[in-house]
There are 2 protein chains.
Amino acid sequence: MELRTLRYFVAVAEELHFGRAAARLRMTQPPLSRAIKQLETELGCALLLRSPTGVALTPAGVLLHEEARALLAQADRVRARVTALAGPVTLTVGTLADSAEQFGTRLAAAYREHHPGARILIRESDLTDPTVGLRAGLVDVALTRTPFDDTGITTRTLRSERVGVVLRTDDPLAQRDGLRLADLAERRWFRFPDGTDPVWHAYWTGAAGDGRRRDGPVVRTARECLQSVLWNGTVGLMPLGHALPEGLTVVPLTDMAPSALVIAWREADATALIRSFVRIAETVHRATDPARAG
Amino acid sequence: MELRTLRYFVAVAEELHFGRAAARLRMTQPPLSRAIKQLETELGCALLLRSPTGVALTPAGVLLHEEARALLAQADRVRARVTALAGPVTLTVGTLADSAEQFGTRLAAAYREHHPGARILIRESDLTDPTVGLRAGLVDVALTRTPFDDTGITTRTLRSERVGVVLRTDDPLAQRDGLRLADLAERRWFRFPDGTDPVWHAYWTGAAGDGRRRDGPVVRTARECLQSVLWNGTVGLMPLGHALPEGLTVVPLTDMAPSALVIAWREADATALIRSFVRIAETVHRATDPARAG
DNA sequence: TCCGGCCGATACCGCCTCGGTATCATTGCC
DNA sequence: GGCAATGATACCGAGGCGGTATCGGCCGGA
């Protein structure tokens, strides 16, 4: 008799209909039927009277309905009191703010729902810091993308994304359905300011930092990078599957390793709150993305 | 935050030692550590302070300890009240009483522990009724062995046992480590009274009822069968692995299908109480037998 | 100072539970 | 009598959970 099972039973007892109860629980009907049957088996008495027209409660079912509601309410109070005792907590999240905007908002919403007492601060970084303040200690957990120097940092991959080159639609190469880095060797490449994470810089400038890249414009944000494509004809790189301004196209790069959208935190101080954030992030991402919807 | 997890936490909070708490919960330490860690992750706050010398509770842990105890107590009361509402219930169990004596007692004990309000009656049958009163409606559920005519009856196998022939220790064949039914063709075979289940009768008399078996003694119980071996030199059959009186040996039969120890009940009236009994039986059997200890 | 024992954490594995899809059986209704 | 609705069943794949083996870190004693 676990709380999950009682939640199932309460839903059925109130809907008096397995299908509607399942919908309310955001699941399907067969596992709900099975769970209720197992509950009856465990208690050793019938709780529901099934009929093709619907469901009725037995006396034991009526009693369990009331008691289960009270028990679930008490469980909620317990959880609230215990977390409240930990005091008002603030979690600072760093984000690259390029790709995961709507996912970030969903994530923040889910996190607030799960921890009503916690404050969550968002700190957006530009493209020059792939750890988005994590290494500097400015944030507790980061929503960013690989690759970067991850010594002392733990990451959990949410999804892996292929990378493409952003070109003006009138570019001769824009019609191709795939390009290699060599095809762009003669173009002007952007670069990041000095001090940018070397792994990160080498990746996004398309090669292990051969000197030729040095003459391109310096960019700090995705917007600057795209503007540079439009105005200066430099190449830009970005993950596939994201919206682009008018007049720009993205062509997949076939010889570039994918970049992963990750949750990152410092190994040293993985508090329960941070682990909770990571877990919620994984759950939310899986619930919204797996069919590439998020 | 399920009740199972809270039971784990209460154990750790009271023992202040993962190893002892795990022993109290009859589990091992690693999954307990993991479960507690997951609980802390879910709540988003630390409950325990670990150290190599032991464990201490945080303030949140102290609070959760009290609250969880209360919650678990309430859950127990709910369960008791709901099952009590179903009224005093009697479950009649039929048993063959040959092999599963100690298992039967453990099973009855576990069942009483799980359903304090229920009465359980044991009805022992002799070997002439393999359904031990189930088909006659005398019992609700049967602890018996195959094979028998199971039309209208559902069975769950607990374990499958090879069958051997019981011989006097001074019998010429008693030293063999395996026999075939043909080796016993010339012996006198026991038989069951008329009206015994035909499938059952054919199995235990060693063949599909060829007429020759007709001249042996009629037995109704395992004791009678063994006595007939001692006094009349008839053959006897029984599952391997059971205790035998002095002066008797059992030799495995290599060409006889195994007999299964089963829980059986009438499909038509599988109440929650009966299903509960079946489930408990399977659990108890698995907990005590799998290494052939029960 | 080093070694051994104790304790919790981690890694990894196999089973079983759980939720999903597809389908069936029953019943009431038009 | 056919059809729609409802719950039950069969089956499958992923994930959770408990198990074994092992690690790392701290303490106490020689």
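Bear in mind that the values here come from a model prediction, so they are computed numbers and not experimental data. Letters A, B, ... are given to chains in the order of the sequence lines, protein chains preceding strands, and every chain is numbered from 1.
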Give the nucleotide from the list D:dG7, D:dG19, C:dG8 with an atom nearest to the side chain of B:Met27. D:dG19
Looking at DNA chain D, which of residues 45-56 of chain A put a heavy atom within less than 4.0 Å of it? A:Arg50, A:Ser51, A:Pro52, A:Gly54, A:Val55
If the cut-off is 4.0 Å, is A:Arg4 near the phosphate of C:dC18, judged by side-chain N/O to OP1 or OP2? yes
For nucleotides 10-14 of chain D, tabulate all protein N/O to nucleotide N/O atom pairs closer than 3.5 Å, reporting atom names and distance.
none

Can you check the B:Arg275 CZ to D:dA8 P distance for me, whole Å? 10 Å
Of the candidate nucleotides C:dG8, D:dG7, D:dG19, which contains the atom at the shortest distance from the side chain of A:His17? D:dG7
Applying a 4.0 Å non-hydrogen cut-off, can you work out what A:Gln38 is touching in the nucleic acid: base, sugar-phosphate, or nothing? sugar-phosphate
Does a nitrogen or oxygen in the side chain of A:Thr28 sit under 4.0 Å from OP1 or OP2 of C:dG20? yes
For B:His17 and B:Gly19, work out which heavy atoms get closest and say how close. ND1-N, 3.1 Å
Please give, in whole Å, the distance from D:dT6 P to A:Ile36 CD1? 17 Å
I'd like to check the side-chain contact (heavy atoms from CB on, under 4.5 Å) partners of B:Thr131; sequence neighbours left out, ordered by chain and number. B:Asp129, B:Leu134, B:Arg135, B:Phe148, B:Ile153
In whole angstroms, the gap separating P of C:dC16 from CD of B:Glu282 amounts to 11 Å
N/O (side chain, A:Lys37) to phosphate O (OP1/OP2, D:dG7) under 4.0 Å: no
From CG of B:Leu32 over to P of C:dC7, roughly how many Å is that when rounded to an integer? 14 Å
Indicate every side-chain donor-acceptor pair of residues 82-93 of chain A with a distance under 3.5 Å to a residue at least two apart or in another chain.
residue, atom, partner, partner atom, Å
A:Thr83, OG1, A:Arg79, O, 3.0
A:Thr83, OG1, A:Ala80, O, 3.0
A:Thr90, OG1, A:Arg119, NE, 3.4
A:Thr90, OG1, A:Arg119, NH2, 3.2

Distance from B:Leu39 atom CG to B:Thr5 atom OG1, nearest 0.5 Å? 6.5 Å
Euclidean distance, A:Glu161 CD relative to A:Leu240 CG, rounded to 0.5 Å: 8.0 Å
Let me know the distance between CG of B:Leu25 and C1' of D:dG19, rounded to the nearest Å. 15 Å
Ignoring backbone atoms, establish whether B:Ser33 has a side-chain N or O less than 4.0 Å from OP1 or OP2 of C:dA9. yes
Write out all pairs satisfying salt bridge (Lys or Arg N to Asp or Glu O under 4.0 Å) with one or both partners inside residues 7-21 of chain A, taking only residues at least two apart or from two chains. A:Arg7-B:Glu2, A:Glu14-A:Arg24, A:Glu14-A:Arg69, A:Glu15-A:Arg20, A:Glu15-A:Arg24
Check every strand shown and say whether A:Arg20 touches a base, only sugar-phosphate, or nothing at a heavy-atom separation below 4.0 Å. nothing
Nearest atoms (heavy-atom pairs only) where A:Trp265 meets A:Asp140: CB-O, 3.8 Å
How long is the line joining OH of B:Tyr8 and C1' of D:dG16, in whole Å? 11 Å
Assign each of B:Arg279 and B:Gln29 to its nearest nucleotide of DNA chain C by heavy atoms, then name whichever residue's nucleotide is nearer the 5' end. B:Gln29
Between A:His115 and A:Ser276, is the side chain to side chain donor-acceptor pair (under 3.5 Å) condition met? List the steps. CA-CA 9 Å; A:His115 296 291; A:Ser276 174; 2.7 Å; yes
Under 3.5 Å, which donor-acceptor pairs link side chains of residues 257-264 of chain B to any protein atom two or more places apart or in another chain?
residue, atom, partner, partner atom, Å
B:Ser259, OG, B:Arg145, NH1, 3.2
B:Ser259, OG, B:Thr146, O, 2.5

A:Arg26 has an atom CZ; how far is it from atom C1' of C:dG20, in whole Å? 17 Å
B:Glu40 and B:Arg34: salt bridge (charged side-chain N to carboxylate O under 4.0 Å, His left out), yes or no, with the steps? CA-CA 10 Å; B:Glu40 290 177 306; B:Arg34 185 180 48 194; over 6 Å; no
